[in-house]
J.: 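One structure is given below, represented as structure tokens, and several questions about it will come after.
Just so it is clear, the values below take in all heavy atoms, side chains as well, and ignore hydrogens, waters and symmetry mates. Naming: A, B, ... by sequence-line order, numbering from 1 per chain.
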Amino acid sequence: MPELPEVEAYRRFFAEHAEGRTVLAVDVLDPALVRNAAPGDVGGALTGRRFEEPGRHGKWLVCPAAGPTLLFHFGMTGDLVWSGDEPDRHRHDRLVLVFEDGELRYRNMRRLGGVWLALDDAELKVVLGGLGPDAFAVEQEEFLGSLSRRRGGVKAALMDQRLVAGIGNLLADEVLWQARIHPRRPVEDLGSNDRVRLFRTMRRVLAGAVEHFDYLETRRRWLGRVRGQPGGRCPRCRTALSRTVVAGRTTYFCPSCQR
DNA sequence: TCAGTTGTTTATAT
DNA sequence: AATATAAACAACTG
């Protein structure tokens, strides 16, 4: 379920297993998931290179290797697996980075997402240039500025990666529930107090989710834990949650708390 | 068999 | 020009 917090966990996982290590080989098991280069280009660019500290922007994992950069997007079902934790390759493993002490596998059941290669900053910008600032790093001033230029529903705005990068369907519902804002509320109707509360709530939710990225199961007072459950009730007021479609996605909210 | 699914892109409509 | 909506992508699960 890769939104910003999960990708941050992947970033740390990548750092643990790949940072500072030299690529011995790249096995492209599913050429279609190398999205912007010929399959052989990835190994050509990375073999013999050493990965540096990985970064993250929104839902993208950015892995520089002293020159070329490998980028991962996880779609809905992407994952990273270390061979030490799981000896055998899996049929959904799409690309494998081979190191001296093991291999790191990019797994993706549904094949949404994939792997991108950038050879320099210009190519990096082609891949990431359309994204807004990272939702966990953006300053309040910039966020409010973007909101002021935005019209339409607030949930659509939060999920728009050009506005801020990293918020997906579940986190958008979580942020709006915690901020007590109705997902269909037009941005232009929000007062400045609502906007500031939205920003602070977004930061708090992201911080909590990055800290405990199993928040969907374990966070007792969060919406995520009950959304989708039959008969799910608002953790604050016990009102039965509403389920609808907003911005094309299944949306849960509390009709009592979120006016 | 059928509905549903956490992401993004594209086409079309407003 | 922006925003909204639906479909497509793809491969499962219940």
Side-chain angles (χ1 to χ4, degrees), chain A residues 1-10 29-36 56-62 71-80 90-95 106-116 126-132 134-136 145-177 182-190 202 205-206 208-210 212-219 222-230 232 241 243-253:
Chain A
M1 43 186 116
E3 296 186 47
L4 187 153
E6 291 80 15
V7 179
E8 177 59 23
Y10 297 153
L29 307 178
D30 184 350
L33 284 217
V34 178
R35 299 292 187 175
N36 72 336
R56 181 192 55 71
H57 192 98
K59 303 172 191 175
W60 289 81
L61 176 58
V62 183
L71 300 110
F72 295 91
H73 196 286
F74 295 90
M76 292 212 230
T77 56
D79 199 3
L80 289 178
H90 185 276
R91 67 193 179 98
H92 295 143
D93 290 340
R94 311 295 178 179
L95 180 139
Y106 171 71
R107 184 172 298 176
N108 194 331
M109 179 183 77
R110 281 176 62 185
R111 304 171 83 210
L112 304 175
V115 171
W116 279 252
V126 170
V127 182
L128 300 178
L131 295 176
D134 183 79
F136 195 36
S146 302
L147 271 191
S148 71
R149 279 171 253 115
R150 182 79 189 195
R151 308 152 67 85
V154 64
K155 177 167 178 178
L158 274 185
M159 287 199 302
D160 188 338
Q161 303 299 297
R162 298 169 301 183
L163 187 89
V164 285
I167 309 281
N169 192 34
L170 272 59
L171 277 175
D173 280 1
E174 188 71 51
V175 169
L176 291 168
W177 177 78
H182 192 289
R184 258 195 272 268
R185 184 109 175 259
V187 171
E188 55 265 46
D189 284 2
L190 294 173
M202 179 178 80
V205 165
L206 289 172
V210 164
H212 296 109
F213 97 102
D214 55 350
Y215 59 98
L216 287 177
E217 289 88 44
T218 60
R219 288 272 162 147
W222 282 28
L223 175 71
R225 193 158 166 278
V226 294
R227 68 165 281 154
Q229 291 183 1
L241 294 173
R243 177 187 194 274
T244 181
V245 174
V246 178
R249 316 297 301 191
T250 301
T251 298
Y252 291 87
F253 68 99

J.: From the list C:dA10, C:dC12, B:dT8, which nucleotide is the closest neighbour of the side chain of A:Met109?
T.: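 Given the options C:dA10, C:dC12, B:dT8, the side chain of A:Met109 is closest to C:dC12.
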J.: Does CZ belonging to A:Arg35 count more than 12 external heavy atoms closer than 6.0 Å?
T.: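 Yes, CZ of A:Arg35 has more than 12 neighbouring heavy atoms, counting only those of other groups under 6.0 Å.
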J.: From the set B:dT8, C:dC9, C:dC12, return the single nucleotide nearest to any side-chain atom of A:Arg249.
T.: B:dT8
J.: CH2 of A:Trp60 versus P of B:dG7: gap in Å, rounded?
T.: 14 Å
J.: When all nucleic acid strands are considered with a 4.0 Å heavy-atom cut-off, which category describes A:Gly152: base, sugar-phosphate, or nothing?
T.: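 If one applies the 4.0 Å heavy-atom cut-off, A:Gly152 turns out to touch the sugar-phosphate alone, with no base involved.
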J.: How about A:Phe72 and A:Tyr10: are their ring centres within less than 6.0 Å of each other?
T.: no
J.: With a 4.0 Å limit, can you tell me whether A:His92 has a side-chain N or O closer than that to the phosphate oxygens OP1/OP2 of C:dC12?
T.: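 Answer is yes, contact under 4.0 Å.
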J.: Between A:Val245 and A:Arg94, who's closer to the 5' end of DNA chain C by nearest nucleotide?
T.: A:Val245
J.: Could you go through A:Thr250 and A:Arg227, starting from their C-alpha distance and side-chain angles, then the distance that decides it, and tell me whether this counts as side chain to side chain donor-acceptor pair (under 3.5 Å)?
T.: CA-CA 10 Å; A:Thr250 301; A:Arg227 68 165 281 154; 5.9 Å; no
J.: According to a strict under-4.0 Å criterion, is A:Gln161 in side-chain N/O contact with OP1 or OP2 of B:dG7?
T.: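 Negative; the distance criterion is not met.
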J.: At under 4.0 Å, does any side-chain N or O of A:Arg110 touch on OP1 or OP2 of C:dA8?
T.: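 For C:dA8, OP1/OP2 do not have a side-chain N/O of A:Arg110 under 4.0 Å.
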J.: Could you give me the stems involving DNA chain C, meaning stretches of three or more consecutive Watson-Crick or G-U wobble pairs whose two defining distances are both below 3.5 Å?
T.: B:2-5 with C:11-14, B:7-14 with C:2-9
J.: Between A:Arg111 (CZ) and C:dC12 (C1'), how many Å, whole number?
T.: 13 Å
J.: Using modelled atom types and a 3.5 Å cut-off, is there a donor and acceptor pairing between side-chain atoms of A:Gln161 and backbone atoms of A:Leu131?
T.: no
J.: From the list B:dG7, C:dT3, C:dA10, which nucleotide is the closest neighbour of the side chain of A:Asn169?
T.: B:dG7
J.: Tell me the interatomic distance from A:Leu33, atom CG, to C:dC9, atom C1', rounded to whole angstroms.
T.: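 Distance, rounded to whole Å: 12 Å.
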J.: Just checking A:Arg227: base, sugar-phosphate only, or nothing, at a heavy-atom cut-off of under 4.0 Å?
T.: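 Sugar-phosphate: the residue A:Arg227, judged by heavy atoms under 4.0 Å, touches backbone atoms but no base.
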J.: Could you give the distance separating B:dT8 and C:dT13 at their P atoms, to the nearest angstrom?
T.: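 To the nearest whole Å, 23 Å.
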J.: When you measure from the side-chain N and O atoms of A:Arg151 to the phosphate of C:dT3, is any distance below 4.0 Å, counting only OP1 and OP2?
T.: no
J.: Take atom CG of A:Leu131 and atom P of B:dT8, then tell me their distance rounded to the nearest Å.
T.: 9 Å
J.: Please determine whether a side-chain nitrogen of the Lys or Arg among A:Asp79 and A:Arg107 lies less than 4.0 Å from a carboxylate oxygen of the Asp or Glu.
T.: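 Salt bridge flag = no for A:Arg107 with A:Asp79.
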J.: Taking atom P of C:dT3 as reference, at what distance in whole Å does atom CZ of A:Arg162 sit?
T.: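 These atoms are roughly 7 Å apart.
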J.: Scan A:Arg243 against the nucleic acid and name what it touches under 4.0 Å (heavy atoms): base, sugar-phosphate only, or nothing.
T.: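 Here A:Arg243 touches the backbone only, sparing every base.
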J.: Contact class for A:Gly168 (heavy atom, under 4.0 Å): base, sugar-phosphate, or nothing?
T.: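 Sugar-phosphate only.
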J.: At under 4.0 Å, does any side-chain N or O of A:Thr250 touch on OP1 or OP2 of B:dT5?
T.: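 Affirmative; the distance criterion is met.
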J.: Nearest whole angstrom, please: distance from the P of B:dT8 to the CG of A:Leu4.
T.: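 Rounding to the nearest Å, CG of A:Leu4 and P of B:dT8 are 11 Å apart.
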J.: To the nearest Å, give me how far apart CE (A:Met159) and C1' (B:dG7) are.
T.: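 Spelled out: CE on A:Met159 to C1' on B:dG7 is 10 Å.
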J.: Taking the six-membered ring for Trp, are A:Trp60 and A:Trp116 closer than 6.0 Å centroid to centroid?
T.: yes
J.: The criterion is side-chain hydrogen bond (donor to acceptor under 3.5 Å, both in side chains); which residues satisfy it with A:Thr251, sequence neighbours excluded?
T.: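 For A:Thr251, the residues satisfying side-chain hydrogen bond (donor to acceptor under 3.5 Å, both in side chains) (neighbours in sequence not counted) are A:Lys155.
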J.: Is A:Glu8 salt-bridged to A:Arg56, cutoff N-O under 4.0 Å?
T.: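 Salt bridge flag = yes for A:Arg56 with A:Glu8.
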J.: Under 4.0 Å, heavy atoms only, any strand: does A:Arg91 hit a base, just the sugar-phosphate, or nothing?
T.: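 Touches sugar-phosphate only.
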J.: Once you round it to whole Å, what is the distance between P of C:dA1 and CG of A:Leu163?
T.: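 One finds 20 Å between P of C:dA1 and CG of A:Leu163, rounded.
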